[in-house]
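Input: a single structure, listed below in C-alpha cells.
Numbered from 1 within each chain, the chains take letters A, B, ... in sequence-line order.
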Amino acid sequence: MSAQLNFEVPTMAEMIAKGEEPEILFWVGCAGSYDERAQKTTRDICKILHHVGLKYAVLGTEESCTGDPAKRAGNEFLFQMQAMTNIEVLNGYNIKKIVTGCPHCFNTIKNEYPGLGGNYDVIHHTQLIQQLIDEGKLKAEGGESFKGKKITYHDPCYLGRGNDVYEAPRKALEALDAQLVEMKRCKTNGLCCGAGGAQMFKEPEKGNKDINIERIEEALETQPQVIAASCPFCMTMLSDGVKMKDQDQNVKVLDIAEITARANGL
Amino acid sequence: MVSQILFIAITLAAIALFSYNVKKVIRNIRFGRAVDRSDQPQKRLMTMLKVAFGQTKMFFRPIPAFLHLIVYAGFVIINLEVLEIMIDGIFGTHRVFGGLGIFYDVLIGSFEFLALGVWLACAIFLIRRNIIKLKRFSGVEMKSWPRSDANYILISEILLMTAFLFLNAADSKLQAMGASHYIIAGAFPVSQFLHNLLPNTEAGLIVIERTCWWFHIVGIFAFLNYLPYSKHFHIIFAFPNTYFSNLEPKGEFTNMQSVTNEVKAMLDPSFTPPEAAPGRFGAKDVNDLTWVNLMNAYTCTECGRCTSVCPANITGKLLSPRKIMMDTRDRMEEVGRSLDKGGKGLDDGKSLIDDYISREEIWACTSCNACTQACPINIDPLAIITDLRRYAVMEESQSPASINAMLGNIENNGAPWKYSPADRFNWAKED
C-alpha cells in the first residue's frame with residue numbers, strides 16, 4: 001500500500017453532525033473506493049484538497065454506484081434506481097458542488113442526474129486541479145520534479161469527447177514544466193482505452209487485438225517516461241497494456257492527481 | 001414546339017416520380033418513435049450552417065474535404081445553370097440569361113472551371129476507391145450495391161460534366177459561325193480546348209449541342225430520381241439531419257421517461273404514473289427507434305469515417321458503426337417494400353436485431369463516441385446501439401454473463417464489483 005493518509009477524511013455525516021457544510025463534495029466512485037490502484041488516486045485527491053485547505057467531504061459508505069455501467073449496458077431500470085437513490089442522499093445533504101475522481105461518475109452526475117432531479121455543479125478532479133493552479137493555491141514545487149520529463153496524456157472518452165474537457169488535464173501537466181507529447185490520436189480524435197460502455201466488466205469480443213494494446217502501442221510510440229491518465233478505467237487498461245509490453249519498468253502510468261500530489265510533495 | 005412539350009413532360013414526370021419516392025422515404029422515417037428536436041432553433045440553425053453548409057467536420061481529413069468541396073460547390077452553383085436550362089427548355093429560348101453581358105460571361109466561365117474541377121475530383125475519387133482501394137471504403141458491409149452505388153454516382157457526375165463542357169464547346173463554335181438561334185453569350189475558358197474534337201459543320205455541331213443539352217438535363221433528372229435509392233441522398237438530407245442533430249453533450253444518454261415513472265412508483269408507492277405508456281424498452285426493430293435515428297440512416301453516405309475511428313473495428317471486432325446505419329436503412333426499406341406490396345411490414349417475423357445487427361456487434365461497442373465525432377453530418381450510430389442493448393437487457397434479459405454479474409453486483413452491493421458496501425470507505429482507513 002502506498003502512503004496512507006496522515007489526516008482524517010471528513011464524511012458528510014460527520015460534517016452535518018457538527019453543523020458544518022463543505023464547499024465541495026468529493027464523489028469517490030466505485031473504482032476509486034475499491035480498486036487498489038485507483039485508491040491511490042483517491043487518496044492523492046484528498047491530499048490535494050487537504051493541502052489547499054478546501055473544505056470538502058466524502059459520502060463514505062453512503063455513496064453508491066452512479067449507475068453508469070448499468071446505463072451503458074442498457075439496464076435503464078437499474079441505472080435510475082441507483083440515480084434516484086443517490087440523488088436522494090445528495091439532496092438530503094443539500095449538496096451544491098461535486099468533484100469526481102472518475103469521468104464516468106462525472107458525466108453521469110453532470111448530464112444524466114439533472115433529468116432525474118439531481119442538479120449540481122459538477123467538475124472532474126483535473127478541472128479542480130487546474131482551477132487550484134490558476135488561483136495560485138497549488139504549485140508544482142516541493143516534491144518530485146517532472147521538469148523536462150516526457151509525458152503523454154490519454155484522453156478518457158467520457159471526459160474529452162463526452163464533455164469537451166481537453167484543456168484542464170493538459171494545463172495541470174504544463175504546470176510541471178514537463179515535455180508534453182501528444183499521441184497520434186488525441187483530443188477529439190482520441191482512442192478509447194477499451195473499458196467504456198461497460199466493457200470494463202466483460203471480456204472483449206473476438207478481434208485481432210485488445211483495444212488497450214492498440215492504445216498502448218500508440219502511447220509507447222511517443223517514447224514517454226510517464227503516461228498520464230485521469231480515469232480509473234483508463235488507468236487499469238493502460239497499466240495492463242504497459243505490463244503486457246514489458247515496459248512497466250521504464251514507463252509509469254500515473255493519474256493527473258498522483259502527478260500533482262507528487263510534484264507538490266504531498 | 002415538340003421539344004418544348006417533350007421537355008415539360010419529362011420535367012413533370014421527373015418531379016412526380018421524385019415526390020412519390022420521397023413520400024415513401026418520409027413514410028419509412030415515420031415508422032420511428034417521436035422525439036422532440038424543436039428546442040434551441042438558433043443553435044440548430046447554426047449547427048446546420050456550420051456542419052452541412054460549411055462542411056466544417058469534413059476538414060479533419062483535408063484532402064478529401066477539398067475535393068468534396070469542389071464537387072459540392074459545383075453541385076450548388078452549376079444548379080444555377082439548371083435554372084436557365086429549365087427556362088430555355090420550357091419556352092424554346094436559348095441562353096435566356098445571355099443578355100446579362102459580362103456578368104453572364106463570368107458566370108459561365110466560372111461554371112466551366114467548376115465543371116472541370118468536379119470532373120477531376122470525381123476521377124480522383126474513383127481512383128481512390130477502385131485503384132488505390134482505400135481501406136475506409138471496404139469492409140463487410142461494403143459489398144455489391146454500396147460499392148457500385150458510389151461508382152455509379154461518380155461516373156454519372158463525370159458524364160454530366162463532360163456533357164456540360166461539350167455542350168458549351170459546340171455552342172461557342174456555333175456562336176463563332178454566326179449560326180442563327182445561337183446568340184453571342186458566355187465565356188468558355190475551358191471548353192474552347194474541345195473545339196478541335198468537334199465537327200466543323202453547323203448541322204453536326206447542332207446535333208452535338210442538342211444531344212449534350214438533352215443528356216445534361218435528362219441526366220440531372222435521372223440523378224434526382226436515383227437519389228432516393230442511393231447513399232447520395234445525403235445531398236438533401238445532410239441539411240435536416242444536422243438541424244435535428246443531438247445538441248446535448250455526447251456523453252449524455254437519454255433518460256427513459258417510461259422507466260422513470262416505473263422506478264418512481266417502485267420507490268414511492270403513493271406515486272401514480274401519469275399514463276401507462278405502452279411500448280417497448282429499447283429497440284428490437286426500426287419502429288422502436290426514433291425518427292431521428294431513421295433519418296440518420298437515410299442520410300448516411302457510407303463514407304466510413306465512423307468505422308475507421310471505431311476502436312472495436314480498428315482492433316478487428318465485428319462492430320462497424322457504418323454497418324449499423326446501413327442495416328437500419330435496409331431494414332426500413334424492407335418493411336416499406338413489404339407494405340407497398342400489401343405485405344406484413346413489421347410483422348414479417350424479422351427484426352433489426354439478430355436478422356440485421358448481431359449481438360456480437362452491439363456488445364463490442366465501448367460507447368466512446370468516436371463514431372459520432374467523426375461523422376461529417378452528425379449521424380449518431382451509438383444511439384441505435386444503446387437502444388438495441390436496452391432491448392436485449394430489459395426486454396429479454398439477454399446480456400453476456402459477465403455483464404449480468406456486474407448488474408447483479410450493482411443491484412446488491414451498490415458497486416459493479418462484488419465488494420461489501422461496508423468496505424467502501426476503507427481506502428481512507430489506516431491499516
Side-chain angles (χ1 to χ4, degrees), chain A residues 1 4-5 9 11 28 30 32-34 39 42-43 46 58 60-61 63-65 67 69-78 80-82 84 107 111-112 115-116 157-158 161-164 188-192 194-211 214, chain B residues 60 248-253 255-256 259-260 262-264 266-267 281-282 309 311-312 314-319 360 363-370 373-374 386 388-394 399-400 402-403 405-407 410-411 414-417 419 421-428 430-431:
Chain A
M1 280 295 233
Q4 286 297 321
L5 299 172
V9 177
T11 63
V28 180
C30 300
S33 299
Y34 294 113
Q39 284 177 340
T42 305
R43 285 192 286 267
C46 288
V58 298
T61 52
E63 195 187 272
S64 187
C65 176
K71 191 172 184 96
R72 312 299 138 190
N75 194 331
E76 183 76 5
F77 275 100
L78 184 53
Q80 292 202 12
M81 291 288 282
Q82 288 297 122
M84 285 193 207
N107 175 69
N111 296 322
E112 290 158 3
L116 301 168
C157 305
Y158 275 86
R161 266 194 304 269
N163 289 286
D164 291 321
T188 53
N189 193 32
L191 183 74
C192 179
Q199 298 293 337
M200 183 75 185
F201 309 100
K202 61 184 265 296
E203 286 301 312
E205 274 59 32
K206 281 196 310 288
N208 306 329
K209 63 164 100 160
D210 287 345
I211 294 171
E214 171 84 9
Chain B
F60 287 103
E248 304 309 320
K250 288 186 188 302
E252 177 181 345
F253 285 19
N255 285 327
M256 295 171 68
V259 170
T260 309
E262 294 212 16
V263 171
K264 273 188 182 158
M266 268 194 276
L267 293 174
F281 295 117
V309 295
I314 287 170
T315 54
K317 290 155 187 76
L318 219 50
L319 175 64
E360 191 176 337
W363 287 112
C365 174
T366 68
S367 76
C368 73
N369 265 304
Q373 180 77 44
T386 308
L388 295 172
R389 277 190 183 180
R390 283 172 172 171
Y391 170 77
V393 170
M394 288 190 283
S399 42
S402 47
I403 288 286
M406 177 271 286
L407 296 171
I410 295 180
E411 208 167 332
W417 296 282
Y419 293 113
D423 293 337
R424 190 177 261 273
F425 196 31
N426 287 359
W427 57 268
E430 304 274 349
D431 55 2

Measuring from B:S402:OG to A:E203:CD, what's the distance to the nearest 0.5 Å? 7.0 Å

Relative to chain A, which of B:P421, B:G282, B:S399 shows the most heavy atom pairs under 4.5 Å? B:P421

Is A:E76 close to chain B through its backbone or its side chain, or both, or neither, when contacts mean heavy atoms under 4.5 Å? both

Euclidean distance, A:M81 CE relative to B:K264 NZ, rounded to 0.5 Å: 13.5 Å

Ring pair (Phe, Tyr, Trp, His ring centres under 6.0 Å) against A:F77, all qualifying residues, sequence neighbours excluded: B:F281

Between A:Y158 and chain B, which part of the residue has a heavy atom less than 4.5 Å away: side chain, backbone, both or neither? side chain

Exactly one candidate in A:I211, A:L191, A:D210 meets side-chain contact (heavy atoms from CB on, under 4.5 Å) with B:T315; the answer is A:I211

Can you tell me how far the NZ atom of A:K71 sits from the CD atom of B:E252, to the nearest 0.5 Å? 8.5 Å

Could you tell me which portion of B:T260 (side chain, backbone, both or neither) has an atom closer than 4.5 angstrom to a non-hydrogen atom of chain A? both

Is the shortest side-chain heavy-atom distance between B:L318 and A:E205 below 4.5 Å? no

In terms of heavy-atom proximity below 4.5 Å to chain A, should B:M256 be classed as side chain, backbone, both, or neither? both

Between A:Q80 and chain B, which part of the residue has a heavy atom less than 4.5 Å away: side chain, backbone, both or neither? both

Which atoms of B:I410 come close to chain A, meaning under 4.5 Å heavy atom to heavy atom: side chain ones, backbone ones, both, or neither? both

Which value, rounded to the nearest 0.5 Å, describes the distance between B:W427 atom CH2 and A:R43 atom CZ? 8.5 Å

Spacing of B:R390 atom CZ and A:N75 atom CG [to the nearest 0.5 Å]: 10.5 Å

